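Note that ligands are numbered from 1 as they come in the structure, with each ligand's atoms numbered from 1 the same way. Model, not experiment: these values are computed from the prediction. Computation of the quantities below employed the complete heavy-atom set of this structure, encompassing side-chain atoms and omitting hydrogens, waters and symmetry-equivalent molecules.
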Amino acid sequence: MSSTWTLPDDLTVPEPVEFFPAAGEKLPQHWSKCFGCGDDQPAGMAMSFRAGNGLEVTGRLEVAKKYQGGPGVIHGGILSTAFDEAQGMACMALGSPVVTGHLEIDFARPIPLGSVLEFRARIDGVVRRKVYTSAEAVIVEGPTADPDTVVGTSRGLFLTITSEHFAKTKEFVDGEPTSPFGTSSV
Ligand SMILES: CCCCCCCC(=O)SCCNC(=O)CCNC(=O)[C@H](O)C(C)(C)COP(=O)(O)OP(=O)(O)OC[C@H]1O[C@@H](n2cnc3c(N)ncnc32)[C@H](O)[C@@H]1OP(=O)(O)O
C-alpha cells in the first residue's frame with residue numbers, strides 16, 4: 001500500500017449513539033434513492049449493511065456484469081463508490097449526517113465479475129466535524145473467493161453537516177426521504 005494517510009494526534013474515539021443498531025443487525029438505508037444503498041434506485045448498487053462491533057459496519061456488494069471496467073473485472077470507480085458508501089454508513093454511528101470530503105483507494109487485487117464483496121468499514125476517530133474512516137474489502141463468494149485476502153483498502157475523511165447542506169439542492173431532489181437519520185434529512 002502506498003497511502004500517505006495519517007491520523008491526527010488530537011483524534012478522539014466516540015461512542016456509537018444509543019439508537020445505532022446492535023452488532024449483527026441490519027442498518028437502514030440512509031436514502032431510498034441513493035445509488036449505493038437505495039432500494040428505490042433501479043440503476044443503483046443495492047448494497048446492504050449490518051452493524052459490527054463498536055464503530056464498525058459490514059457491507060455487501062454483488063459485482064454484477066454491468067459493473068465491468070477492464071475485461072471481466074470490476075470498474076475502479078464502482079469499487080470506489082462502494083467504499084464511499086461503506087465508510088459513510090459507518091459514520092451513521094455518530095447519529096448525524098455526513099458527506100465525503102476526501103477518499104483514497106488502494107486497488108490490491110483484480111475483482112472478477114460475479115464476486116460478492118464484503119466491506120469492513122469503521123470510524124477511526126473524530127476531530128471537530130472531521131470523521132476519519134477506513135475500510136477493507138474481501139471476496140466472500142465467487143471464483144476467487146478468499147476471506148483472508150484483502151482486495152482493496154480505503155481511507156476517507158467525512159464531514160458532519162447540518163440540514164442546511166442539502167437545503168441548497170432541495171429543488172433537485174428525486175423522491176421523498178424514508179429514513180430517520182443519515183443524509184436523508186433533506
Ligand atoms: C450515511 C451516509 C452515507 C453516505 C455515502 C455517500 C457519501 C457521499 O458520496 S457525499 C457526496 C460527495 N461529497 C460532497 O458532495 C461534499 C462536497 N463538499 C462540500 O460540500 C464541502 O467541501 C464540505 C461540506 C465537505 C466541507 O465544507 P465545509 O463544511 O465548509 O467545511 P470547512 O469549514 O471547509 O472544513 C472543515 C474542516 O474539514 C477540513 N476539510 C474539508 N474538506 C477537506 C478535504 N477535502 N480534505 C481534507 N480536509 C478537509 C478543513 O480543513 C477543516 O478542518 P479544521 O477543522 O481542522 O479546520
Side-chain angles (χ1 to χ4, degrees), residues 3-14 16-21 25-41 43-52 54-61 67 75-105 117 119-137 152-186:
S3 175
T4 55
W5 178 263
T6 52
L7 294 174
D9 293 338
D10 53 347
L11 197 73
T12 60
V13 179
V17 288
E18 61 184 31
F19 55 85
F20 190 64
E25 286 181 10
K26 210 165 184 297
L27 291 184
Q29 59 189 346
H30 66 89
W31 169 234
S32 56
K33 294 282 187 179
C34 173
F35 182 76
C37 68
D39 64 5
D40 190 17
Q41 179 50 274
M45 293 162 63
M47 292 184 75
S48 58
F49 292 91
R50 290 186 183 276
L55 296 167
E56 189 159 277
V57 303
T58 59
R60 181 181 162 96
L61 172 69
Y67 301 148
H75 193 290
I78 292 288
L79 187 65
S80 304
T81 302
F83 273 121
D84 188 15
E85 190 69 30
Q87 288 160 257
M89 291 298 276
C91 293
M92 273 191 170
L94 295 175
S96 62
V98 296
V99 290
T100 322
H102 175 87
L103 193 69
E104 55 182 70
I105 315 293
L117 289 171
F119 294 81
R120 298 167 195 151
R122 66 201 65 79
I123 295 173
D124 294 313
V126 301
V127 178
R128 296 179 289 283
R129 292 174 47 221
K130 297 184 289 187
V131 189
Y132 291 81
T133 68
S134 58
E136 306 82 44
T153 58
S154 175
R155 284 91 168 176
L157 180 73
F158 289 74
L159 275 293
T160 59
I161 49 162
T162 64
S163 56
E164 301 284 300
H165 180 90
F166 291 112
K168 294 174 222 158
T169 48
K170 199 167 181 175
E171 66 181 289
F172 307 112
V173 171
D174 169 32
E176 294 294 323
T178 57
S179 179
F181 60 94
T183 54
S184 296
S185 53
V186 285

Look at atom 45 (N) of ligand 1 and find which of Cys91, Gly101, Gly156 reaches it with the closest heavy atom.
Gly101
Return the option from Lys130, Met92, Arg129 holding the heavy atom at the smallest distance from atom 39 (C) of ligand 1.
Lys130
Should Glu85 be counted as touching ligand 1, given the test is an N or O pair under 3.5 Å?
no
Under 3.5 Å, N or O to N or O, is Asp84 touching ligand 1 that way?
yes
Regarding atom 24 (C) of ligand 1: of the candidates Thr160, Val99, Val131, which has the closest heavy atom?
Val99
Relative to ligand 1, is Val127 under 4.0 angstrom through side chain, backbone, both or neither, heavy atoms considered?
neither
Using heavy-atom distances only, which candidate in Leu157, Leu159, Thr169 approaches atom 48 (N) of ligand 1 most closely?
Leu157
With heavy-atom distances below 4.0 Å as the criterion, list the atoms of ligand 1 near Gly88.
1 (C), 2 (C), 3 (C)
Here the pair of heavy atoms bringing Gln29 nearest to Met89 is CA-CE, 4.5 Å
Full working for side chain to side chain contact (heavy atoms under 4.5 Å, CB included) between Tyr132 and Leu11
CA-CA 9 Å; Tyr132 291 81; Leu11 197 73; 3.5 Å; yes
Any nitrogen or oxygen of Val98 lying under 3.5 Å from a nitrogen or oxygen in ligand 1? Just yes or no.
no
Sub-4.0 Å heavy-atom approach of His165 to ligand 1
yes
Mind listing the closest non-hydrogen atom pair of Ala86 and Ala121 along with its distance?
O-CB, 3.5 Å
Please work out, at 4.0 Å between heavy atoms, whether the side chain, the backbone, both, or neither of Thr100 comes within that distance of ligand 1.
both
With no hydrogens and no angle check, do the side chains of Asp124 and Ser134 hold a donor and an acceptor under 3.5 Å apart?
yes
So which heavy atom on Cys37 is nearest to which on Trp31, and how close?
SG-O, 4.3 Å
Test side chain to side chain contact (heavy atoms under 4.5 Å, CB included) on Leu94 and Phe158; report intermediate values, then the result.
CA-CA 11 Å; Leu94 295 175; Phe158 289 74; over 6 Å; no
Does a side-chain N-to-carboxylate-O contact under 4.0 Å join Arg122 and Glu136?
yes
To the nearest 0.5 Å, what is the distance between SG on Cys91 and CD1 on Ile123?
5.0 Å
